[in-house]
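Counting starts at 1 for both ligands and their atoms, in listed order. Counting begins at 1 with the first residue of the sequence.
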Amino acid sequence: MTAEKRWHASSASLVLIASLLLSPAALADARRQTPSHPPGAAIASAHALATEAGMQMLREGGNAFDAAVATSAALSVVEPISSGLGGGGFFLLHDAKTGKDVFVDARETAPAAATPAEYLLENGEFNRDRAENGPWSAGIPGLPAAFVHLADKYGKLPLKTTLAPAIKLAREGFPIYARLVRGYASRRAVMERYPGTRAVFLASGAPLKEGEIFKQPDLANTLETLAAKGFDGFYRGDIADKLLAGVKAEGGRWTAQELAGYRVREREPVSVEYRGWRIVTAPPPSSGGIALAEMLQILEGWDLSKLDPAHRIHLVVESMRRAFRDRTFYLGDPDFVKIPAATLTSPGYAAGLRATIHPQKATPSDLLSGEETPLEDDETTHFSIIDADGNRVAATQTVNLTFGSGLIPPGTGVLLNDEMDDFALKPGTPNAFGVMGYDANAPKPGKRMLSSMTPTFMESPDRVAVLGTPGGSRIITMVLLGVLGYDAGLDAQAVAALPRYHHQWMPDRIQAETGAIAPQVAAELKAMGHGLDLPADEAAGGRGSSHVWGNLQTVLWDRKAGTLSTGSDPRNPVGRGEVMRMGTAAAK
Ligand code: DON
């Protein structure tokens, strides 16, 4: 049975009906009565070696937060296409002992030199090359500071232990897989501009081939310095000097104070009740949580399981359209702009938006004004962890586009991000993901660029899920579909496999993966006035989007059944979920 059919089949599920009838107070009661300890631990990540690094920490007596550092650092080594020490990320934590959720924001910050004027060509047009490639595209990295923060405040093991698997992978190497070969081919022209990058990726004289062992000795040394010296090992001293020199040699401008002044921020997550679930998710500077809260509360007005696919997709798309419109105008770094978060996440506001949705007709995005632009598909990575004490981590980390800026400052092994493109560098000009912004997301010294990364927890009396994915602006809609999938009773693997569709206000078109929208449903959606980007449209002159997208990694604890399971996106063959029971690890 396809996931789509199962969604329908699950509509009569007692779980769903029971959760509908629960008031928030009853939910809290039920939560207290259900077991607080999972029957083991589970990790799902985009690479088997990174999942194993986390598992190793759990076997050595570490908790979910130690496992998160090990998994995150290992991903930084084995998935340089997606994330790394030169980038940033968000770590959503649940501390089982206190019951508290906290959001560790390790997003990159803007260097002071990176004013909007620096991203304009002489003719006033947007300098896309500067925004996406090389030193000006890079923000001050946040991920190393996150490791130190997690180890100091939440972990049980020292960084020397939690970074050890990553150091070994960097020093001894790992086998190159197909996605790295493809990604390198697509970014080669940029990466080969820089001597520091050539020294790493062309060490053998030619681009790496699938199956070859890729060693990163400089990165191993940088990780070792971080393990030995903590924050100062990366942000001050020898490594910092090399980062500054490498940026300067390519014409960029970072200062020693900016590196030494980098700080992670702890923020209160966004939380929202949805049909008996408590959803805990990413606050600004992510746009994901506020958008998710808006969409879910708009959708709460209907029982989606009772609708035919075309009407269900129509309403979900209309909720996406409205949330992305608000993203464009209101969201940015909360340390710099006042965000009307309470309003945007309130049920009353959602009810107002819901009232503007016609049950049978698409609302043209033009009525809300804007521009149309194409999208690209790139990288980033997510992992999900639950440990045997019930601690949880949902972490999404990134260098932004494929292999980030392409620039490795010589001698560091650190591939810098190109996260500056996530700012509204030129107001109203769409970025690589086709999303745009204005003042709220304008670059300022030390400011964090708006993100779509949406690490998320879901909790009902019966089930606890941790989920997230890469995918640029599509992250938000993938997490929405994942939440709706869990609510409809799907299991973890079915949630990871769910076919995907997306709408982001502008461009005013539904994009869909191959097979996600059946021809008959597409015809009905068109009749309602929706524009569609379907693979089949390509022949008819549409832009099409014949690729699949996302790399969703999720773990599920079924409290009632007393089981743990994982869902690892089938679109990514090297991803892996593992469940550990009483000292044994079972891959799933
Ligand atoms: O923070 C963000 O929203 C983006 N830099 C994430 C980039 C991404 O997911 C690329 N992926 N496919």
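The aromatic rings of H94 and F457 sit perpendicular to each other, their planes meeting at more than 60°, with 30° as the lower class boundary.
Checked for salt-bridge contact, E379 and R179 meet the test: a charged N lies under 4.0 Å from a carboxylate O.
W505 does not carry R321 over the face of its six-membered ring by the limits of under 6.0 Å from the centre and within 45° of the normal.
Here CG of N551 is found 7.0 Å from OG of S568. Values are rounded to the nearest 0.5 Å.
Under 4.0 angstrom from ligand 1, the non-hydrogen atoms of F433 all belong to its side chain. Looking at E108 against ligand 1, nothing comes within 4.0 Å, counting heavy atoms. Residue I475 touches ligand 1 through its side chain alone, judged by heavy-atom distances below 4.0 Å.
With D335 as the partner, the salt bridge (Lys or Arg N to Asp or Glu O under 4.0 Å) test is satisfied by one option alone out of R107, K444, K447, R265: R265.
In summary, the atoms of ligand 1 found under 4.0 Å from a heavy atom of T380, numbered by their order in the structure, are 6 (C), 7 (C), 8 (C), 9 (O), 10 (C), 11 (N). For ligand 1, the atoms lying closer than 4.0 Å to a non-hydrogen atom of N400 are 4 (C), 5 (N), 7 (C), 10 (C). Listed by number with element, the atoms of ligand 1 under 4.0 Å from a non-hydrogen atom of E419 are 1 (O), 4 (C), 5 (N). Applying the 4.0 Å criterion to heavy atoms of M453 picks out, from ligand 1, the atoms 1 (O), 3 (O).
By heavy-atom distance, the residue among V435, T398, D422 lying nearest atom 5 (N) of ligand 1 is D422. In this structure, of G472, G87, G89, P470, the residue bringing a heavy atom nearest to atom 9 (O) of ligand 1 is G472.
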Before you tell me yes or no, could you show the steps for D326 and L331 under side-chain contact (heavy atoms from CB on, under 4.5 Å), namely the whole-Å CA-CA distance, both residues' side-chain angles and the distance that decides it to 0.1 Å?
CA-CA 7 Å; D326 286 348; L331 303 187; over 6 Å; no

Acceptor/donor pairs from residues 111-121 side chains to any protein atom, 3.5 angstrom cut, sequence neighbours excluded:
| residue | atom | partner | partner atom | Å |
| --- | --- | --- | --- | --- |
| E118 | OE1 | R130 | NH1 | 2.8 |
| E118 | OE2 | R253 | NH2 | 3.3 |
| Y119 | OH | W136 | O | 2.5 |

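Within the structure, ligand 1 has R107 among the residues with a heavy atom less than 4.0 angstrom away.
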